[in-house]
Structure formats: structure tokens, C-alpha cells
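Before any comments, here is the structure.
Only heavy atoms go into these numbers, but all of them, side chains included; no hydrogens, no water, no symmetry mates. Here is how names work: the chains are called A, B, and so on, in the same order as the sequence lines, proteins then strands, and each is numbered from 1.
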Amino acid sequence: GDSVTQMEGPVTLSEEAFLTINCTYTATGYPSLFWYVQYPGEGLQLLLKATKADDKGSNKGFEATYRKETTSFHLEKGSVQVSDSAVYFCALSDPETSGSRLTFGEGTQLTVNP
Amino acid sequence: GAVVSQHPSRVICKSGTSVKIECRSLDFQATTMFWYRQFPKQSLMLMATSNEGSKATYEQGVEKDKFLINHASLTLSTLTVTSAHPEDSSFYICSATRTGGMFGYTFGSGTRLTVV
């Protein structure tokens with residue numbers, strides 16, 4: 001079945017540092033890929049998405065490129081801020097095998113210190 | 001943009017009572033709604049998928065009689081935790097989509113349930 005694997009956290013960075021959170025996936029169809037962010041005590045917010053190979057999703061300085069050859073969708077940001085502290089979830093949607101459901105990774109806690 | 005409203009945000013109830021959580025899509029018709037449970041510092045666990053007008057599809061290991069899901073309209077789904085016990089304490093999140101996820105998924109803000 002479909003699965004998503006994220007790098008283990010937690011990740012602690014200083015403000016303005018470069019961020020990478022690795023995400024790899026396994027899917028039998030042609031999935032769409034997502035990054036969601038969860039702030040403490042809240043639901044999930046869509047950060048960015050990509051629907052086909054080589055697509056690059058971007059939002060608020062975050063980027064991720066859909067790499068079919070390496071089955072990856074790594075999240076990057078060039079200069080993190082304290083306000084980026086949150087939990088980040090990589091997810092995929094594979095209608096051919098899983099219908100309309102989302103498959104989530106384990107989540108990565110990011111803490112950015114001033 | 002698409003907005004999903006989830007209420008209540010927090011609820012405390014006594015053991016043995018039932019609690020209802022509502023999930024409303026405010027500006028779109030949600031053909032499918034999902035209910036998740038999240039334990040501290042863990043990922044989201046899908047509990048069930050509900051399509052408007054039909055019975056919910058529960059994931060393996062989720063008790064149908066304990067977690068009652070109703071999706072009576074295209075804008076409202078409810079999750080009722082029946083005869084709640086302390087082990088049901090958790091963070092519950094709903095999500096809604098239309099047309100099989102093609103237009104993305106919108107999440108509610110979550111409900112923190114504490115059973116005492």
C-alpha cells in the first residue's frame with residue numbers, strides 16, 4: 001500500500017538557518033504530494049502541493065519538488081523564522097489505490113530559536 | 001478559499017457520557033469528510049471516511065458503535081463519541097474535500113476532548 005516516510009525529528013534551528021525536511025513515498029499510482037503545517041493546538045494547514053513529476057510547490061518561502069525518480073518530496077526553506085516553529089507533515093493522495101484519502105508521514109517537529 | 005469550521009474546540013466530559021463534534025464546510029459542498037484522531041506528538045490516524053448520504057467507512061480497529069459518524073448533508077458531518085472513557089481523550093480533527101480530493105483537502109481546527 002501507499003506510505004510516506006519523513007525524517008525523524010525534532011529539528012532545532014537558529015533563525016535564518018537553512019531548513020530541509022526529507023520526505024519519501026511509496027505509491028503504486030500517480031499520487032499528488034502535499035506538505036501540511038500544524039501549529040500548536042490547531043488543525044492542519046496546507047503549505048504547498050505538487051500534482052505531477054517535476055512540479056515544484058512553493059509558499060511562504062517554502063519549496064518542495066516532486067521527484068519521481070527518487071520518490072521524494074523534500075521540504076526546503078532558505079531562511080527560517082521563529083514563526084515557522086510547528087509540526088510539518090508530508091502526505092500523498094493516490095486516487096487509483098486509496099480513493100480520496102490522504103496518507104500522512106509521521107510529522108516533523110521544527111523549533112526555530114531566535 | 002475553502003473553510004472548514006469544527007466545534008467545539010475543547011470539551012471536557014464525564015466518563016459514560018456522549019460528546020458530539022461538528023464539522024461544517026462553510027463555502028463549499030463537501031462530498032467527502034474524514035475524521036482523524038491524533039495522539040500527542042504523533043501523526044494523524046484516520047478513523048473513518050464519510051460520504052454525504054451514505055454510511056461511513058471505518059478503518060480497521062475503529063469501533064463503529066463507539067464513534068458514530070453522520071454526514072447528513074453536503075456541508076455537515078458529525079462525530080459522536082458514545083459512552084466516553086478517559087482513553088478516548090485525544091485531539092480529533094476533521095477534513096473535507098470535494099470531487100475525490102481533486103480540489104484539495106481542508107482541515108478543521110480540531111477538538112481537544114478530555115474525558116474525566
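- A 6.0 Å sphere centred on NZ of Lys66(B) holds more than 12 heavy atoms belonging to other residues, nucleotides or ligands.
- Residue-level contacts of residues 88-95 of chain B with chain A, in order of numbering, are Phe91(B), Ile93(B); threshold 4.5 Å between heavy atoms.
- For Tyr30(A), the OH atom counts as loosely surrounded, since its 6.0 Å shell holds 12 or fewer non-hydrogen atoms of other residues, nucleotides or ligands.
- The cluster map of Ile, Leu, Val, Met, Phe, Trp and Tyr, joined by side-chain heavy atoms under 4.5 Å apart, puts Tyr25(A) and Phe62(A) in the same cluster.
- Of all heavy-atom pairs between Leu102(A) and Phe107(B), the closest is CD1-CZ, 3.9 Å.
- Residues of residues 45-61 of chain B that come within less than 4.5 angstrom of chain A, heavy atom to heavy atom, are Leu46(B), Glu59(B) in numerical order.
- Not a single salt bridge (charged side-chain N to carboxylate O under 4.0 Å, His left out) links Glu42(A) to another residue, sequence neighbours left out.
- Leu48(A) and Leu110(A) fall within a single hydrophobic cluster, where Ile, Leu, Val, Met, Phe, Trp and Tyr side chains are chained together by heavy-atom contacts under 4.5 Å.
- Taken together through direct or relayed side-chain contacts under 4.5 Å among Ile, Leu, Val, Met, Phe, Trp and Tyr, Trp35(A) and Met7(A) form part of one hydrophobic cluster.
- Both Ile69(B) and Val81(B) are assigned to one and the same hydrophobic cluster, defined by single-linkage of ILVMFWY side chains at heavy-atom distances under 4.5 Å.
- Against chain A, the residues from residues 35-44 of chain B that qualify, each with a non-hydrogen atom under 4.5 angstrom away, are Tyr36(B), Gln38(B), Gln42(B), Ser43(B), Leu44(B) in number order.
- Around the CG atom of Leu26(B), the shell of radius 6.0 Å holds more than 12 heavy atoms that belong to other residues, nucleotides or ligands.
- Using a 4.5 Å cut-off between side-chain heavy atoms of Ile, Leu, Val, Met, Phe, Trp and Tyr, with links allowed through other members, Ile21(A) and Val87(A) fall into different hydrophobic clusters.
- Looking at Gln6(A), there are no atoms closer than 4.5 Å to chain B (heavy atoms on both sides), in backbone or side chain.
- Residue Asp27(B) places its CG atom among more than 12 non-hydrogen atoms of other residues, nucleotides or ligands, all under 6.0 Å distant.
- For a residue to count as touching a neighbouring chain, one of its non-hydrogen atoms must lie under 4.5 Å from one of that chain's; by this rule Tyr39(A) does not touch chain B.
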